[in-house]
Amino acid sequence: MDQNAAPDYVQAARPIRIIGHCHPDTDAICSAIAYSRLKAELEPDHRYIPCRAGLLNRETKFVLNYFGVEVPELFTDISPQISDVDYRRMPGVDGGISLRQAWVTMRDRQADTLCVVDGEGKLVGLVTMRDMTTAHMDMIDDLILAKAGTSYKNLIETLNADVVLGEIEGKTVAGHIVVGAGSIEVVEQYVSTGDVVIVSNRADSQLAAIEMGAGCIVVCTGAKVSRTICMFAEERGCIVLSTPFSTYAAGQMIVQAAPIRHYMVTENLLTFTPRSPVESAIKVMASVRHRYFPILDDEGRYLGMVSRRNLLNLKRKQLILVDHNEKSQAVEGLEEAEILEIIDHHRISSLETDIPVYFRNVPVGCTSTIIFQMYEENGVEPDRAIAGLLLSAILSDTLVFRSPTSTAADVQAARKLAKLAGVEMEEYAEAMFEAGSDVTGKTPDELLNMDYKLFSQGEVRFGVSQNNYMTEKSRLDSEALVGPYLEEFRAKQGLNYVFCMFTDVRATSTDLLMAGEEAEALVQRAFGAGSDGGKVVLPGVVSRKKQVIPALLNAIKLEQDT
C-alpha cells in the first residue's frame with residue numbers, strides 16, 4: 001500500500017449479536033443459535049452472531065455435542081470498545097524512511113503521528129510532528145547522518161539527486177556533512193575520510209574533496225561532472241551525486257535524509273486493542289497531548305490509529321435478547337447497547353429501550369417454542385441440528401411437559417422437532433437430564449450458577465438457582481454439596497436471599513434450599529410450608545417461573561405493605 005495514500009476510515013463492523021441471560025441454561029443457548037440461523041436465512045445482508053453471556057452447564061454441553069453444534073462466542077460485557085469506533089486505517093511505515101519522506105506522508109495524510117512497523121507489521125515506535133521539529137534542530141550536528149545510519153538511498157531521495165558514479169546499494173553515510181563550496185583551502189581544512197561534501201561546479205573544489213578522502217561529493221545546481229573528476233572519484237572509491245538544488249538548499253535539506261528510526265519513540269507507547277473499553281481510552285487520551293493512538297491486534301500487529309474525534313462516532317453494539325427481558329439477568333453494559341428485538345416467555349420486567357423494538361412475548365413453556373413458531377411462520381424448515389437444539393430446550397424448560405408452564409404449543413412443537421431431529425423424545429430427554437445432573441468434579445459455586453437468575457421486589461434482591469435431576473442419588477449429592485455453601489454465596493452476592501431448587505423430574509417435586517435472614521419465614525408465607533434445617537419439600541412444584549418466583553414476589557410485597 002502507498003505510504004502516502006490518504007487514510008481510509010475503518011467502519012466498525014456491525015454484527016448483530018443474539019444473546020441469552022448471564023447464567024445461560026439450555027433454552028438461552030439454543031434459542032440464540034436457532035434464532036441467529038433463522039435471521040441469517042431471512043436477512044442475508046446482515047451478520048448475526050449467537051453469543052453466550054456465561055459458562056455452559058453440562059446439560060447444554062451434552063446437547064451441543066450430541067448435535068454437533070459449535071459453542072457460541074462468550075460475551076460477558078457489551079460496553080463500547082474501540083472496535084465500535086470508526087478509526088483511521090493508516091499504513092505503518094518502515095523505520096528506514098527519511099525524515100523528509102515522513103513529513104510528506106504526514107502532510108498528505110493530514111496526520112501528526114506515524115506508526116513505525118517491522119517486517120511483520122508489528123509496532124516498533126512512533127514519530128510525531130514534535131519529533132520532526134526536534135530533528136530539524138539537529139542540523140547543527142554535522143555527524144547526524146552517520147549517527148543515524150543514513151542510507152545513500154535516503155540521501156538521493158531527499159536531494160532529488162542522480163547517481164553519477166558509484167555503487168550505493170546497502171551503503172550508509174560514514175562521515176560528517178561538509179559544505180565545500182568555498183576555496184580549496186577550506187575543503188582541505190574541513191574534509192576528512194568518509195565525509196559527504198556538498199560542492200558547487202568548481203572542479204578544483206571537487207578534486208580537493210575527493211583527494212581528502214570524501215566518501216561522497218554532491219555536485220549542486222545540476223552542474224555537469226567532468227570525465228576527469230569521475231575517473232579520479234572512481235579511483236578513490238568516492239560516490240558522485242548530482243542535485244538540482246543550490247549548495248545553500250542542499251545544505252539545508254540534507255539532514256532530512258536521516259531515517260526516522262533515529263528519532264522515533266519506542267518506550268511507554270500508549271496503544272489500544274480493538275477490545276479496549278472506550279471509557280478507558282477516553283481517560284488515557286485526556287492524560288496526554290497526543291492526537292492519535294495506535295490500535296494493535298493481540299499479536300502486536302498495527303491495525304490503525306484512533307483519535308479523540310473518532311470516539312465521537314461511536315456505534316453502540318446491536319443486540320437481540322432471547323429468553324430474558326430483565327436487566328439484572330442481562331450481560332454487563334446492556335444500557336450502552338442498542339437493543340433491536342426481545343424474544344421471551346417470561347414476565348415482562350422493567351427493561352427500558354431508547355427506541356421502539358420488536359418484542360415478542362408468548363406465554364409458553366420455552367423461548368425455543370416461540371423461535372420454532374417463527375420458523376414455521378416464515379416457511380423455513382430447521383435442519384436436524386437446529387431442530388435438535390430447539391427440541392432439547394423445550395424438553396429442558398418444560399421438564400418433558402411436567403412443568404405447569406408447559407402448553408399445548410410446546411408439546412406440538414416438540415413432536416414436530418423430534419421427527420426433524422430423528423430422536424425418540426423420552427429416551428433422548430433421559431440421557432440429556434442425566435448428563436446435566438452429573439455432579440462429578442463440580443464445585444458448589446458451579447452448581448449454583450448452572451441456571452441462576454436474579455430478581456427484585458422494591459429494595460429486596462434475591463437469586464434463585466434451579467437444577468433438574470432424573471435420579472434421587474444425583475439430587476441428594478447436589479444438595480449435600482450446595483447446602484453448606486449457600487449462606488457464603490448469598491453474602492458474596494450481596495443479596496437478601498438465595499434459593500436453590502433441586503427438582504426431581506420424575507417425581508414432579510422440588511427440594512428448596514434457602515439462605516438469608518428470615519428466609520424460612522418468607523418461604524412459610526409464600527408456600528405455607530415449614531422448613532427443616534433450611535430446606536423445604538414442595539410437592540408438585542417444578543417451575544421457577546410460574547410457581548416459585550410469583551409466590552416469593554407476592555410474599556415479599558405483602559411483607560413490604562404491612
Side-chain angles (χ1 to χ4, degrees), residues 17-37 48-78 319-324 326 328-332 334 343-346 366-368 371 384-399 417 421 423 428-454 463-470 474 477-478 481-482 489 500-503 505 544-545:
R17 294 175 173 86
I18 304 180
I19 193 165
H21 44 81
C22 58
H23 295 284
D25 58 5
T26 299
D27 189 26
I29 297 296
C30 294
S31 292
I33 296 172
Y35 196 44
S36 68
R37 295 276 187 94
Y48 292 93
I49 302 176
C51 298
R52 56 189 171 98
L55 301 177
L56 298 183
N57 61 43
R58 290 186 176 178
E59 177 186 284
T60 308
K61 288 180 180 178
F62 170 84
V63 170
L64 296 183
N65 184 63
Y66 189 95
F67 291 102
V69 178
E70 291 185 4
V71 175
E73 176 186 355
L74 180 63
F75 217 76
T76 59
D77 192 333
I78 55 173
L319 293 183
I320 294 176
L321 306 184
V322 294
D323 199 33
H324 71 301
E326 296 199 38
S328 63
Q329 299 174 8
V331 66
E332 288 290 328
L334 184 70
I343 313 295
D344 193 20
H345 70 123
H346 295 94
C366 182
T367 302
S368 287
I371 302 297
R384 176 183 179 274
I386 295 300
L389 265 57
L390 291 171
L391 171 66
S392 301
I394 295 171
L395 295 175
S396 177
D397 259 24
T398 67
L399 300 180
L417 290 166
V423 298
Y428 172 73
E430 183 167 342
M432 181 183 71
F433 281 117
E434 278 296 326
S437 62
D438 181 11
V439 297
T440 305
K442 280 196 171 292
T443 66
D445 192 76
E446 288 174 327
L447 280 174
L448 279 165
N449 280 296
M450 280 173 60
D451 184 3
Y452 176 73
K453 293 183 179 180
L454 290 172
V464 181
S465 175
Q466 182 175 20
N467 294 317
N468 302 314
Y469 301 89
M470 295 296 288
S474 295
D477 287 346
S478 297
L481 187 61
V482 169
F489 180 81
C500 190
M501 299 172 61
F502 295 90
T503 300
V505 177
R544 174 173 51 191
K545 179 181 71 173

Given Asn449 and Phe489, is the side chain to side chain contact (heavy atoms under 4.5 Å, CB included) satisfied, shown in steps? CA-CA 10 Å; Asn449 280 296; Phe489 180 81; 3.9 Å; yes
Report yes if the side chains of [X] and [Y] come closer than 4.5 Å at any heavy-atom pair, otherwise no.
{"X": "Cys30", "Y": "Val69", "value": "no"}
{"X": "Val423", "Y": "Leu417", "value": "no"}
{"X": "Arg52", "Y": "Val71", "value": "yes"}
{"X": "Ile343", "Y": "Leu321", "value": "no"}
{"X": "Asn65", "Y": "Phe67", "value": "no"}

Identify the two heavy atoms, one from [X] and one from [Y], that lie closest to each other, and give their separation to 0.1 Å.
{"X": "Ala28", "Y": "His21", "answer": "CB-NE2, 3.6 Å"}
{"X": "Asn468", "Y": "Ser396", "answer": "ND2-O, 4.2 Å"}
{"X": "Phe502", "Y": "Ser478", "answer": "CE2-CB, 3.6 Å"}
{"X": "Phe75", "Y": "Val331", "answer": "O-CG2, 3.2 Å"}
{"X": "Ser474", "Y": "Ser437", "answer": "CB-O, 3.7 Å"}
{"X": "Cys500", "Y": "Leu448", "answer": "SG-CD2, 3.9 Å"}

List for me each residue that meets side-chain hydrogen bond (donor to acceptor under 3.5 Å, both in side chains) alongside Thr367, sequence neighbours excluded, and say none if there are none.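 Thr367: side-chain hydrogen bond (donor to acceptor under 3.5 Å, both in side chains) contacts with Asp27, Asp323.
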With Asp77, which residues qualify under salt bridge (charged side-chain N to carboxylate O under 4.0 Å, His left out), at least two apart?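 For Asp77 there are no salt bridge (charged side-chain N to carboxylate O under 4.0 Å, His left out) partners, ignoring immediate neighbours.
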Run Ile371 and Leu390 through side chain to side chain contact (heavy atoms under 4.5 Å, CB included) and show every step you take. CA-CA 8 Å; Ile371 302 297; Leu390 291 171; 4.0 Å; yes
Is Lys545 salt-bridged to Asp397, going by a charged N under 4.0 Å from an acidic O?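 No salt bridge links Lys545 with Asp397.
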Using atom types as modelled and distance alone, determine if a side-chain donor or acceptor of [X] lies under 3.5 Å from a backbone N or O of [Y].
{"X": "Asn467", "Y": "Met450", "answer": "no"}
{"X": "Arg17", "Y": "Leu319", "answer": "no"}
{"X": "Arg58", "Y": "Asp438", "answer": "yes"}
{"X": "Ser31", "Y": "Val322", "answer": "no"}

Do we see a donor-acceptor contact under 3.5 Å between the side chains of [X] and [Y]?
{"X": "Glu332", "Y": "Thr76", "answer": "no"}
{"X": "Thr443", "Y": "Asp445", "answer": "no"}
{"X": "Thr60", "Y": "Asn57", "answer": "yes"}
{"X": "Tyr66", "Y": "Ser392", "answer": "no"}

Assess the residue pair Tyr469 and Phe433 against the criterion (side chain to side chain contact (heavy atoms under 4.5 Å, CB included)); give the C-alpha distance rounded to whole Å, side-chain angles, the decisive distance to 0.1 Å, and a yes or no. CA-CA 6 Å; Tyr469 301 89; Phe433 281 117; over 6 Å; no
From Ile49 atom CD1 to Ile18 atom CD1, the distance as rounded to the nearest 0.5 Å: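 If I round to the nearest 0.5 Å, the distance is 9.5 Å.
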Rounded to the nearest 0.5 Å, how far does OG1 of Thr26 lie from CG of Leu395?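 Here the rounded value is 10.0 Å.
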Atom CG of Leu74 with >12 non-hydrogen neighbours under 6.0 angstrom: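 Atom CG in Leu74 is packed in, count exceeds 12.
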For His346, which of Gln329, Arg544, Lys453, His324 qualifies under side-chain hydrogen bond (donor to acceptor under 3.5 Å, both in side chains)?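 When side-chain hydrogen bond (donor to acceptor under 3.5 Å, both in side chains) is applied between His346 and each of Gln329, Arg544, Lys453, His324, only Lys453 qualifies.
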Give me the one residue out of Asp25, Thr503, Asp451 that meets side-chain hydrogen bond (donor to acceptor under 3.5 Å, both in side chains) with Gln466.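 The passing option is Thr503.
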Quick one: do Ile320 and Ile19 satisfy side chain to side chain contact (heavy atoms under 4.5 Å, CB included)? Show the steps, please. CA-CA 6 Å; Ile320 294 176; Ile19 193 165; over 6 Å; no
